[in-house]
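Within every chain, numbering begins at 1; the chains are lettered A, B, ... in the order of the sequence lines, protein sequences first and strands thereafter. What you see below is based on every heavy atom in this structure, not just the backbone, and it leaves out hydrogens, waters and symmetry mates.
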Amino acid sequence: MIRPVLLIAFPLFFAFLSPIIGLWSKKWVRYLIIFATALNATLAGLLLLEVFQHPVFDIIGGFQPPLGIVLMVGPLGAIIAFIINLVAFIISIYNLKVEKEPIVRYSMLYLLLVMGSTGMVLTGDLFNLFVFLEVTSIASYSLAAYNKDKKGFLGAMKYVIIGSIGSTFVLLGITLIYSELRTLNMLDIAARIGTMDPYVKIIAFTSLFLGFGVEAEMFPLNTWVPDVYDGAPNPISAAFASLPAKAGIFALARVIFTMFSFTNFLWFVVIMGLLTVFFGELIAYTQKNLKRMLAYSSIGQMGMIIMGLGIGTTLAVEGAFYQMIAHALGKALLFIAAGFLIYAAKSDKIEDMKGMARNPLVGIPLLIGALSIMGMPPFAGFYGKFFILMGGFSEGYYAIIALFLAASIVEVAYYARFIKIVFEKGNRVIRPDAATYIPLILLAILIVLIGVYPKPILAVLQHVSAFITGGA
Amino acid sequence: MKRVLALTLAILLFIVFAMAFAKIPFGEKMSNYPDYYNPIENQTSNMSLPQHYLTYGKNDTGATNMVTAVVVDYRGFDTLGEVTVLFLASTGVGSLMYVEDKVKRKVRRSNAVVETGSKLLFGFIILFGAYIFIHGHLTPGGGFPGGAVIASSFLLLYLAYPKFHAEHKKLNVSESLAGLTFVIVGLLGLIIAGYFLYNFLPFGLPTYLFSAGVIPVIYVAIGVKVGSELTGIVDAMMGVRE
Amino acid sequence: MIPYYYLGSISLVVIGIYIVIAKKNLIKIIIGLDIMDTGVNLLLISVGYVKNATAPIENVPGPYVDPIPQALVLTAIVIGVSVMALALSIAIGIYKKTGTLELDEIMGVEE
């Protein structure tokens, strides 16, 4: 039997161990990180198989909740944790490309970023969620500035400021909930949420929603996203799009469904989602810098997920979760490919990248990733968008569906423009090295696999109806 | 323009939150708190969560300081996360302040009063810090304040001797060993009793130094860790000096 | 009537938010973040207060205040300190690269 707490304890153990190993050999620390993330991904996979029947509660310290902290893992949490750790493992191979010192500290920060994101998904305690949010964001702040150039520092500063405002809001929300209910366990809160004063309840919900919205890249607290993604080292941009962002949006889902038990259509959430989609996609269309374009596209995609959560029908939430998985894989792939293109073109402008992706080891995965993000069948991204659309359609929200489709068309337009440029006949083709193409190919295989054979994912997503009625 | 916007937003937020907090009674008796509900056993208790801690805390954890009981035992997992946050901060500051070309900065000597005074005080401050974290389960204080006090003694050395350098390797090693102790204590609990961070040592007699099971062990580890991490942060921010 | 403990702490939070939005000097912004943090911590602590009660330590006669907010604030303070340390070191980094901490000037400075 796999205990969920091991997913947090092992990375911590390895992170605390790595300075000691670093005194002896820096190279071994890098391999240790790859080993640790691989171990975590395996454990998460085994955990996923285990929680299929019923949710697992891992009591910490031997005190029954709400006295002590409990980890609460249902099938949905387990699959998000699995995807996070799997992508983290794949990106940790690409980490071998980072040369800048101090590499031991970089590895530790990366491992703790993975640990924090996993913890946010697994925990069943509101304050513990806040602690893991802070672990994730503090690791992100330092990684965002790791390049130590002006771009990186300014992006990180923006992130610190907005992130601190966000965590203040989370803490205000926790204070309001605690002062009324005198508990911090999510299921305990859910059971007694009805006894809260309605006004206090709404303010608490809004505070938590805005606070976790920072990590989930929600409008208007997402202005840090392009600067941070642009300024961070390439593996870290890939990791940001797939680890903390997914953990943040899962925390939002926990707040909406598990704690506050909203089951019907949420105007507030849908409007925030729509604003996020348009903010992201329209600005992405105007971008000339590749990493900034991908960052704005990431905002757009996160907005679609938030919309799916807000529409709140089983189908739409299934779509949101499918989109989370597809986006984690697809954006990680695109950012790794972007790292290679920037290296090959020695410039971050898209127009300088003519023909840079003509090497099949980069080109084919890049094409698969871009098509998946655009939502083309038979790739992974198709089902997510399709389910969100159908979820809205079956409930008759035609105006929202039309806006959603319009945003998708904008997305297709700028990705098509990007693909056309990188596959045009250029002058020179550079061969990628193993640390670049192995992660690309692994991610591409996963995207195709999930797209062509979606059965296992759909089996997991059947539990969505239990999740939105307040289950784990 | 920006100021007006900021002021409007600030006043708006103030009104919204003041209205919410106006509904929360201040200094209410604990008997008025709502009873807690155990979602796993699916039963409602007959008392509120803080009341449970205050009534059964001594039997559950062996500590006499209930805040410590909550911090290290009931909610020990939060504390593990908190320690990780501080570890991250020290690692992050170290990585951001890292410079490849070690250009040394000239510094001036401080005066004789500060030098002699800090020599005298250094040992006592460390002793006091150690006292605070060793007695964390009995009296106010604990690993975090104790560690901060220890770091302040090093800060005094930095003030008195601007060329002073704490050895990074030793700081890193003590940081890691203390962190590893915490995680290993947690994993031992998992192996022995089936719960991560389970308090598996005998509680002993309350109010004695050797009581409360693993709480003093964890607090000593936290004290050492916080002390070396804060010292590391100060050292990294001071930069390379001559 | 809303107690002035709450009003004071909320004012601190709001003052912090105002500083963060309106000021253009990085160090002032970081101070604003710290004020905001302090406000929330005070708020959380005052929520756990019980009239005429003391610290929850054995040997001190009761009644006791709620121990949980104190434990939570301990965590929140440490987190706040960590964020502050990082924010300051990022500000040092920006100063090293651009030679200024004013946001208006930073944008114009070439590396």
Part of [X] within contact of chain C (heavy atom distance under 4.5 Å):
X	result
B:Phe21	both
B:Tyr33	side chain
B:Arg75	side chain
B:Leu7	both
B:Pro25	backbone
B:Leu96	side chain
B:Lys58	side chain
B:Ile24	both

For [X], is it the side chain, the backbone, both or neither that has a heavy atom under 4.5 Å from a heavy atom of chain B?
X	answer
C:Leu72	side chain
C:Tyr18	both
C:Ile17	side chain
C:Val65	backbone
C:Ile77	neither

Best-contacting candidate, C:Gln70, C:Lys96, C:Lys51, C:Met84, against chain B by heavy atom pairs under 4.5 angstrom: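 Ranked by contacts with chain B, first place is C:Lys51.
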
Winner by heavy-atom pair count (cut-off under 4.5 Å) against chain B, out of C:Gly93, C:Gly48, C:Ala55, C:Ser46: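 Option with the top pair count is C:Ser46.
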
In this structure, are over 12 heavy atoms from other groups packed under 6.0 Å from [X] atom [atom1]?
X	atom1	result
C:Tyr95	OH	no
B:Phe128	CZ	no
B:Phe14	CZ	yes
B:Phe182	CZ	yes

Side-chain H-bond candidate by donor/acceptor type, B:Asp60 with B:Tyr74, under 3.5 Å: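 Distance-only check passes for B:Asp60 and B:Tyr74.
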
Donor-acceptor contact below 3.5 Å, side chain C:Ser82 vs main chain C:Val78: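 Judged by distance alone, yes, a pair lies under 3.5 Å.
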
Sidechain-backbone polar pair: B:Asn65 side chain, C:Ile57 backbone, donor-acceptor under 3.5 Å: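 Pair absent, no side-chain N/O of B:Asn65 close to backbone of C:Ile57.
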
Contact winner vs chain C - B:Val226, B:Val70, B:Val67, heavy-atom pairs under 4.5 Å: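 Sorted descending by pairs with chain C, the first entry is B:Val67.
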
Largest heavy-atom contact set with chain C, pairs under 4.5 Å, which of B:Gln51, B:Met66, B:Glu229: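 With the most close heavy-atom pairs to chain C, the winner is B:Met66.
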
Pairwise side-chain contact, B:Phe17 with C:Leu43, heavy-atom cut-off 4.5 Å (strictly under):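 Of all side-chain heavy-atom pairs linking C:Leu43 with B:Phe17, none is under 4.5 Å.
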
